[in-house]
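Just below is one structure, and these are the notes that go with it.
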Amino acid sequence: MAEQGTTGAGGATAGGYDPQKIEAKWQRRWAEARVFESEADPSKPKYYVLEMLPYPSGTMHMGHMRNYAIGDVVARVKRMRGFNVLHPMGWDAFGLPAENAAIKNKTHPRIWTNNNITQFEKVLRRFGFSYDWRREISTCEPEYYRWNQWFFLRMLERRLAYRKKSLVNWCPKCCTVLANEQVVNGGYCWRHEDTRVEMREIEQWFLKTTAYADQLLDDLKQLEGGWPERVTLMQKNWIGKSPGAKVKFAVAGAAGAGPVEIFTTRIDTIYGASAIILAPTHPLATKLLEGSPTRSEAAPKLAKMRQTSVKTEDLATMEKEGFFTGRYALNPFNEEKIPIWVGNFVLMEYGTGAIMAVPAHDQRDLEFCRKYNLPVRVVVQPLEGEELSAEKLGTAFDEHTEGKLVNSGPFNGLSPEEAIAKMTVLAEQKGFGRGETIYRLRDWGISRQRYWGTPIPVVYCAKDGMVAVPDKDLPVLLPPNPKLTGEGESPLASTPEFVNTTCPKCGGPARRETDTMDTFVDSSWYFYRYCDPHNDKAPYDSEKVGYWFPIDQYIGGITHAILHLLYSRFWCKVMRDLGLIKHSEPVARLFTQGMVQKGGVAMSKSLGNVVGAEEMAQKYGADTGRLYTLFAAPPEKDLEWSEESIEGSWRFLNRVYRLIKRHAGSVRAVKGGKADAVSASDKEKTLLRKAHQTLRRVTSDFETRWHFNSAIALVMKLTNDIYEQEPLEQGVRPEVRKEVLELLTLMLAPMTPHLAEELWEMLGHGEGLWKVSWPAFNQELAREEQVEIPVQVNGRLRARMKVAVGSAEADVVRLALELPAVAQHVNGKRIVKQIYVPDKLLNLVLG
RNA sequence: GCCCGGGUGGCGGAAUGGCAGACGCUGAGGACUUAAAAUCCUCCGGGGAUUUUUCCUCAUGUGGGUUCGACUCCCACCCCGGGCACCA
């Protein structure tokens with residue numbers, strides 16, 4: 001750490017810019033004046049800006065910081081714009097790392113967590129973010145998690161929470177179950193990317209996200225324009241809606257086996273089905289082989305395929321393979337006998353685990369059927385172009401909007417769309433099929449066999465079975481002293497004082513549920529709690545939430561594009577159906593900021609490439625740290641941390657400080673009186689013009705474009721321009737200096753708030769800058785008198801010239817032709833066309 | 001394979017059809033200083049001509065196209081990052 005006055009970073013000389021002093025001073029003043037505390041007030045326009053709540057672990061680094069710096073600029077700009085701003089902060093405090101750390105350090109997860117929260121909060125306060133700290137919440141507190149339990153009970157009542165035995169993803173390192181969404185890279189744990197997820201069959205709690213699948217999909221339309229397209233697209237893919245039909249095929253001549261039910265989105269092509277293909281793990285596969293003529297050949301193949309089909313990551317590269325079961329199915333539409341195969345590319349988890357192969361109209365089926373010499377039959381012909389022939393077909397014709405049916409009995413001549421409708425109806429009438437839409441989205445498995453989470457409020461009684469804990473008994477508290485080993489059964493299960501309880505119904509002995517909830521439950525609704533954080537009667541007051549919601553701007557990493565943001569949307573819809581809120585989407589606008597990297601990879605403790613936020617604050621001050629993360633890259637892009645570049649931001653702030661300090665005395669003496677352009681000197685006009693031009697562009701960069709980096713560049717440029725006019729004592733009246741320097745200060749305020757306050761005070765204001773509105777741009781003062789027009793000949797730049805603003809085209813052309821550089825290139829040739837963009841450019845096109 | 005992003009000096013990046021490289025970093029040179037730090041000034045994409053002033057030319061991943069004019073719009077391709085991945 002640099003000593004003050006010795007090296008660059010700490011180089012505050014006596015009377016110079018001293019961020020440590022200034023920042024502490026203004027943070028104190030803001031707290032005293034309660035500047036960032038806001039209340040719901042329907043008479044004022046509101047703005048709810050929020051950064052995703054952090055999981056407090058390790059040290060806060062500049063990656064975290066950047067997220068909050070972006071949010072704080074938005075919050076401060078909106079405040080200056082007169083909005084009643086809600087800008088809260090809290091802690092995602094439950095979770096495995098706390099428990100693992102507790103096991104390792106032989107302490108309690110609460111102690112570890114609270115230490116981290118203390119650390120994180122200290123750093124956030126050190127950076128002067130404009131949070132309403134009264135609203136701080138921590139999800140591991142009973143005051144918070146009791147409402148997780150309350151919501152769970154509401155969902156239980158509505159059968160949106162249910163229990164079922166299921167094959168689950170089990171991470172041996174976490175010693176717990178993972179949601180599908182937490183399994184990454186085709187079978188690895190999202191927290192331990194080197195650890196393979198195992199499959200285990202366990203009794204689990206689920207929330208019925210699939211009940212909202214259509215709404216989750218349809219309401220994405222409401223988010224258009226407000227959310228990044230790639231996020232809504234990822235959610236759309238994740239939900240994976242496929243409208244289609246299920247059709248039962250009877251199995252020919254196998255006693256007790258069948259029927260086989262398949263799922264298809266193209267029932268219209270069913271007359272072209274060449275085979276039924278089962279997933280290797282389909283229960284019928286084994287059954288059909290019993291007594292099959294090809295049994296001896298097929299059985300070993302099936303056994304082999306069942307083993308290999310587990311490895312999902314190989315699916316993409318895996319050769320499509322299959323074998324004949326020796327059995328046949330009957331196409332219910334035409335009683336055709338088609339072979340039943342087993343194929344390694346058919347997934348048991350999707351649809352019914354069985355498909356019909358229609359080679360002429362599905363590329364994958366075509367490849368499979370060609371490989372095994374299964375027949376190909378065209379049943380849809382294109383409306384235009386050459387007629388398809390089954391023999392020559394190399395690419396399947398899978399168009400379903402343009403075409404007409406052939407070889408399809410009574411359906412010949414129909415369009416595929418018509419055929420889908422009619423054939424589905426027929427299947428339903430005859431009872432062998434029905435229209436059905438399937439989804440990739442699964443119900444949300446929320447059970448975790450760990451301690452540090454919300455206990456699921458349910459007990460099991462020998463007499464009454466599963467009984468919900470009554471609301472009045474909430475919260476079900478975590479036992480204070482669990483045995484944490486990280487091995488074996490869940491810690492709650494091995495804590496008798498927790499497990500043993502009485503049945504709320506009969507009073508007899510009962511056992512508590514020992515699973516805890518996934519921590520994504522906590523983050524699914526926390527932003528509602530901020531509106532009413534201390535309510536002990538309800539999760540929140542609907543009226544307060546009604547005022548603040550939806551969140552006007554949510555800011556966080558793209559990593560939460562599916563998990564957190566999908567669950568939050570689900571939770572919102574459930575709360576709406578409970579009558580608590582009226583809106584259907586919690587977040588109006590979403591911004592996904594880039595990561596801060598060092599050495600090309602994201603900062604992480606394990607890689608040892610973190611740049612600590614607190615260190616930065618000590619070395620350069622919060623304002624320099626904030627400014628740099630905003631300046632170094634546009635907010636949506638990744639930012640490569642550079643120790644050298646941050647010096648530039650530090651230098652700039654010093655430069656501004658010196659400039660204003662130099663003129664503070666003369667500016668302070670100014671008594672009222674706005675600067676105007678009428679009596680101004682050239683030097684004054686230049687300064688006022690540049691200041692107001694900068695203001696115009698900075699305003700738009702802040703509000704509409706979010707180009708904070710170029711906004712800063714503009715303010716830097718303005719600072720350079722003012723320096724260029726030095727000494728201001730010559731030819732610049734104090735009131736003009738005042739206006740220009742005040743604008744400079746106000747434009748910096750959202751980004752470097754401490755310094756801006758200090759400068760504002762130096763310029764003679766007794767009241768805090770926090771009371772000041774964003775300045776109004778003055779068009780009159782910004783107007784240029786002369787503009788430089790580039791002159792092109794045949795589109796190539798040949799000269800520039802100064803003309804009065806608003807000059808007539810003819811005059812501009814005449815002046816341009818007088819320029820030697822232009823005349824030389826025109827060289828007497830005829831001008832066939834001249835393009836004049838007023839005050840912008842002239843292009844002369846020669847014949 | 002499919003779907004999104006992205007590709008501009010030594011580096012981070014500006015420029016949303018109108019002067020490519022704003023602003024910052026790095027580097028070089030200079031001023032101030034006993035000296036250093038800090039500060040201030042000048043230069044900084046390539047090639048060429050001219051030599052002390054400029055001028056020409058090439059250049060925004062590659063190749064085409066639209067346009068008076070393209071980093072920007074269109075088509076094809078290459079590379080990098082991310083997401084999905086036999087979804088029936």
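Every chain is numbered from 1 and lettered A, B, ... according to where its sequence line falls, protein lines coming before strand lines.
- At the heavy-atom level, R230(A) lies under 4.0 Å from the strands shown only through sugar-phosphate atoms.
- Distance from the side chain of T265(A) is smallest for A88(B) among the nucleotides A88(B), A22(B), A15(B).
- Applying the Watson-Crick and G-U wobble criteria (two distances, each under 3.5 Å), C32(B) pairs with nothing in any strand.
- Here the C1' atom of nucleotide G24(B) and the CZ atom of R655(A) are 12 Å apart, to the nearest Å.
- The partner of C44(B), taking Watson-Crick or G-U wobble pairs whose two distances both stay under 3.5 Å, does not exist in any strand shown.
- Pairs passing the side chain to side chain donor-acceptor pair (under 3.5 Å) check and including a residue from residues 709-718 of chain A, sequence neighbours excluded, read D701(A)-S710(A), K717(A)-D721(A).
- Listed nucleotides: G83(B), U39(B), A14(B). Nearest to the side chain of N709(A): A14(B).
- Nearest to the side-chain atoms of N344(A) among the listed nucleotides U16(B), C86(B), C23(B) stands C86(B).
- Using bins of under 30°, 30° to 60° and over 60° for the plane-to-plane angle, the ring pair H361(A)/F397(A) lands in the perpendicular bin.
- One P atom belongs to G45(B), the other to G10(B), and the distance between them is 10 Å to the nearest Å.
- Checked by atom type, the side-chain pair Y271(A)/N331(A) shows no donor-acceptor distance below 3.5 Å.
- Look at S645(A) and you won't find any side-chain N or O under 4.0 angstrom from OP1 or OP2 of U26(B).
- G69(B) sits 47 Å from A88(B) when the P atoms are compared, rounded to a whole Å.
- Nucleotides C11(B) and G27(B) place their C1' atoms 11 Å apart, quoted to the nearest Å.
- Ring geometry for W641(A) versus Y628(A): interplanar angle over 60°, hence perpendicular rather than tilted (30 to 60°).
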Quick one, E784(A) with K802(A), criterion salt bridge (charged side-chain N to carboxylate O under 4.0 Å, His left out). Give me CA distance, side-chain angles, the key distance, then yes/no. CA-CA 11 Å; E784(A) 293 277 359; K802(A) 286 225 162 155; over 6 Å; no
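- Counting only heavy atoms from C-beta on, H707(A) has its side chain closest to A15(B) among C86(B), C23(B), A15(B).
- In this model, the phosphate group of A88(B) is not approached by any side-chain N or O of R440(A) to a distance below 4.0 Å at OP1 or OP2.
- If you check C23(B), A88(B), C25(B) against the side chain of F263(A), the one that comes closest is A88(B).
- Between R434(A) and E261(A), at least one side-chain nitrogen of the basic residue sits less than 4.0 Å from a carboxylate oxygen of the acidic one, meeting the salt-bridge criterion.
- Atom-to-atom, CD1 of I239(A) to C1' of C84(B) comes out at 14 Å; the value is rounded to the nearest Å.
- Atom C1' of nucleotide G24(B) and atom CG of L627(A) are separated by 10 Å, given to the nearest angstrom.
- In this structure, N720(A) reaches the G24(B) phosphate: one of its side-chain N or O atoms is under 4.0 Å from OP1 or OP2.
- Below 30°, between 30° and 60°, or above 60°: for H564(A) and H560(A) the angle between ring planes is above 60°, a perpendicular geometry.
- Which of A88(B), U57(B), G5(B) sits closest to the side chain of R796(A) comes down to U57(B).
- N794(A) places its CG atom 20 Å from the P atom of G18(B), with the value rounded to the nearest Å.
- Partner assigned to G9(B) is none, using Watson-Crick or G-U wobble distances below 3.5 angstrom.
- For the C1' atoms, the distance linking A22(B) with G30(B) amounts to 25 Å, nearest Å.
- Separating the NZ atom of K241(A) from the P atom of A88(B) is a distance of 14 Å, rounded to the nearest angstrom.
- Across all strands, H825(A) comes closer than 4.0 Å only to sugar-phosphate atoms, never to a base (heavy-atom distances).
- Regarding the sugar-base torsion, G9(B) falls in the syn class, its angle being within 90° of 0.
- Both L841(A) and M356(A) lie close to RNA chain B; mapped to their nearest nucleotides by heavy-atom distance, the more 5′-ward contact belongs to L841(A).
- No side-chain donor from either of N237(A) and R440(A) sits under 3.5 Å from a side-chain acceptor of the other.
- With rounding to whole Å, Q235(A) atom CD is found 12 Å from C84(B) atom P.
- The two residues V826(A) and L846(A) have their closest heavy-atom pair at CA-CD1, 3.9 Å.
- D362(A) comes within 4.0 angstrom of nothing in the nucleic acid, heavy atoms only.
- Between K840(A) and G18(B), a side-chain N or O to OP1/OP2 separation shorter than 4.0 Å is absent.
- Between the base of C86(B) and the side chain of K320(A) there is a donor-acceptor pair shorter than 3.5 Å.
- Contact annotation for V358(A): no contact, since no heavy-atom pair falls under 4.0 Å across all strands.
- Out of C23(B), C68(B), G5(B), the shortest distance to the side chain of F631(A) is found at C23(B).
- In this structure, I835(A) reaches the bases: a heavy-atom distance under 4.0 Å links it to at least one base atom across the strands shown.
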Report the C-alpha distance between W650(A) and F652(A) in whole Å, list the side-chain angles of each, state the deciding distance to 0.1 Å, and finish with yes or no for ring-ring contact (aromatic ring centres under 6.0 Å, His included). CA-CA 5 Å; W650(A) 162 254; F652(A) 166 64; over 10 Å; no
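- As a whole-Å value, the separation of E229(A) CD from G83(B) C1' is 13 Å.
- Under the side-chain contact (heavy atoms from CB on, under 4.5 Å) criterion, K236(A) pairs with L217(A), L220(A), sequence neighbours left out.
- Of the candidate nucleotides G24(B), C56(B), C84(B), C56(B) has the atom nearest to the side chain of R798(A).
- Residue-level contact check: Q834(A) touches neither bases nor backbone, having no heavy atom under 4.0 Å from any strand.
- The side chain of R364(A) approaches A88(B) more closely than any other nucleotide in the set G24(B), U57(B), A88(B).
- In the set G18(B), U26(B), A88(B), the nucleotide with an atom closest to the side chain of I355(A) is A88(B).
- Atom name P, nucleotides C43(B) and U51(B): the rounded distance is 23 Å, in whole Å.
- Residue Q363(A) contributes atom CD, which lies 14 Å from atom C1' of C2(B) at whole-angstrom precision.
- Residues of residues 632-640 of chain A that place a heavy atom closer than 4.0 Å to RNA chain B, in numerical order, are A632(A), P634(A), K637(A), D638(A).
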